[in-house]
J.: 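Got a structure for you, written out below as structure tokens; questions coming shortly.
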Protein chains: 2
Amino acid sequence: MARTRREAAREELTAQILELGRAHLAVEGAAGLSLRAIARDLGMVSSAVYRYVPSRDALLTLLIVDAYDALGAVAETAEARVARADLMGRFVAVAMAVRTWALEHPHEYALIYGSPVPGYAAPEATIGPASRVPTLLLTILAQMPEPAAGLAPAEAKVVRTAIAPLASSAAGGIPDERIARGLASWATLLGAVSLEVFGHLTNVVAPGQRTRRAFFEHQMREVAAGLGLG
Amino acid sequence: MARTRREAAREELTAQILELGRAHLAVEGAAGLSLRAIARDLGMVSSAVYRYVPSRDALLTLLIVDAYDALGAVAETAEARVARADLMGRFVAVAMAVRTWALEHPHEYALIYGSPVPGYAAPEATIGPASRVPTLLLTILAQMPEPAAGLAPAEAKVVRTAIAPLASSAAGGIPDERIARGLASWATLLGAVSLEVFGHLTNVVAPGQRTRRAFFEHQMREVAAGLGLG
DNA sequence: TGCATTTCGAGAGCAGTGCTCTCTATAGTG
DNA sequence: CACTATAGAGAGCACTGCTCTCGAAATGCA
């Protein structure tokens, strides 16, 4: 579809830069990502890559979007495999997918849920991909049967004003309290994954793929139960 | 107490380097921490600071220990203010202290609970300070009255093997299931703080000091309740 | 086809980084 | 007083992001 051969080459090269960026990121992390190294791999001089990418931070932003999308994709396909009526199963499937992806791509995970990169200021382009997983979880919450207890009036007000941004958008008809609990569950999920990926479970949770996976699944099942799922 | 005047100067300078490191870290984050900049502030040439600090990473490690200690200190004093019998109050006090400190020292928080720094490998020296807050929480758990339900045998085994490292150390007599729930609560706490400090609550939770603080406190109170406190 | 215009890549260069090595002045020690 | 350990300076290496200029090549237009 590329019209002129220049445009074709441009597309190709831009893709290669992104690909190499991904590879470097995976190996040595965001701190080790260097435009000059990418230029070397490409057989060109460093100044040339600036024709394709305006700055190192811009490349990092592209990789952030990339990471959000990759995570969103695995979460979505995992969730789609579970019977629609099995709300707890769907929640746990998302959680397991997030954990597995994070452990397989620790640097990418760190990029999106770890410390924000220096100069960064969450560019517009990231908000869409970033909300894929949360959206998935909200969808599950939306399909829960009615109940949910009631909060004391004072507490209810705190919650209502706090989650106003959410209530006015994605999470249309979900009761406030359930949204609040969902948010806490999301925090638990990310907190547990971060603890594991960032190495804070040493001497806390026994090492070993199987043990940790089973324990995480247990934790997530409990969280889901506390949420009123299943 | 410094014997020779050389040793006095050495201590003084080492302290100044650490202090300047802290200052630079607070302003521009770990990525912007530069030994050369510290040398400039000190009025000496860059190679001279290597007489006091073996490498940039070593300085970073010192600052990590520093951060763990600062966080541990504020959590401990906050917790100490609450009546011993008020277990939920103590838990919430710790949580609030962690959040407040993290928001006031985002870069230090990122250093310890965000993405691990490049070449790092949690040096021995950090494990003590790192466990101050968790120890606080475990102490609270240890003072809970007996109850706690029972897990299905299979689940119980998963939990027991997973938390074996903990059971054999700090958390002596605490029932397995409670430890597991405590760990999940710790994940929720850190997850919620990380989401806020790292800017993931934009368009999710309404901005504003008071709103967010109240909402976080509400969340933590719910977590504590789920834990069986209060 | 022929010419003007973009676009691209190379090269040099600036300012900054971590870190090493050598050299000199000085502080501490016998 | 002589000798040694140490501190700081200075130069230098290899690396980074990024800018600017310049020639060659691809493109658009007449």
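Letters A, B, ... are given to chains in the order of the sequence lines, protein chains preceding strands, and every chain is numbered from 1.
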J.: May I ask you to say what B/L42 touches in the nucleic acid, namely base, sugar-phosphate or nothing, with a heavy-atom cut-off under 4.0 Å?
T.: nothing

J.: Who are the side chain to side chain donor-acceptor pair (under 3.5 Å) partners of A/E104, not counting sequence neighbours?
T.: none

J.: Any carboxylate oxygen within less than 4.0 angstrom of a Lys/Arg side-chain nitrogen, looking at A/R10 and A/E7?
T.: no

J.: Along DNA chain C, 5' to 3', what are the outermost nucleotides having an atom less than 4.0 Å from a heavy atom of chain B?
T.: C/dT17 to C/dG28

J.: Is there a donor-acceptor pair under 3.5 Å between the side chain of B/S55 and the backbone N or O of B/A58?
T.: yes

J.: With salt bridge (charged side-chain N to carboxylate O under 4.0 Å, His left out) as the rule and sequence neighbours excluded, what pairs involving residues 29-48 of chain B come up?
T.: none

J.: List the protein contact pattern of nucleotides 20-29 of chain D with one symbol per nucleotide (5' to 3'): B for base contact, S for sugar-phosphate-only contact, - for none; contact means a heavy-atom distance under 4.0 Å.
T.: B----BBSS-

J.: Can you tell me how the ring of B/Y113 sits relative to the ring of A/H200, calling it parallel under 30°, perpendicular over 60° and tilted otherwise?
T.: tilted

J.: From OH of B/Y50 over to C1' of D/dA9, roughly how many Å is that when rounded to an integer?
T.: 15 Å

J.: I need the CG-C1' distance between A/L59 and D/dC18, as an integer number of Å.
T.: 14 Å

J.: With sequence neighbours left out, what residues match A/N203 under side chain to side chain donor-acceptor pair (under 3.5 Å)?
T.: none

J.: Which residue pairs pass the salt bridge (charged side-chain N to carboxylate O under 4.0 Å, His left out) test with at least one member in residues 184-201 of chain B, sequence neighbours excluded?
T.: B/R99-B/E196

J.: What residues form a ring pair (Phe, Tyr, Trp, His ring centres under 6.0 Å) with A/H24, not counting sequence neighbours?
T.: none

J.: Rounded to whole angstrom units, what separation is found between the CE atom of B/M44 and the C1' atom of D/dG10?
T.: 14 Å

J.: Can you pull out every side chain to side chain donor-acceptor pair (under 3.5 Å) where at least one residue sits in residues 182-194 of chain A? Sequence neighbours excluded, please.
T.: A/Y109-A/S194, A/T188-B/T188

J.: Which pairs with one or both residues in residues 209-221 of chain B pass side chain to side chain donor-acceptor pair (under 3.5 Å), sequence neighbours excluded?
T.: A/E155-B/H218, B/E217-B/R221

J.: Who pairs with A/D176 by side chain to side chain donor-acceptor pair (under 3.5 Å), at least two apart in sequence or on another chain?
T.: none

J.: Is there a residue in residues 34-41 of chain A whose heavy atoms reach under 4.0 Å of DNA chain C, and which residues are they?
T.: A/R36

J.: Scan B/L33 against the nucleic acid and name what it touches under 4.0 Å (heavy atoms): base, sugar-phosphate only, or nothing.
T.: sugar-phosphate

J.: Measure the angle between the two terminal helix axes of the helix from C/dT1-D/dA30 to C/dG30-D/dC1, five base pairs each, and quote it to 10°.
T.: 0°

J.: Measure the CD1-CZ distance between B/I163 and B/R178 for me, rounded to the nearest 0.5 Å.
T.: 11.5 Å

J.: Supply the atom-to-atom distance B/L35 CG to B/D57 CG, rounded to the nearest 0.5 angstrom.
T.: 9.5 Å

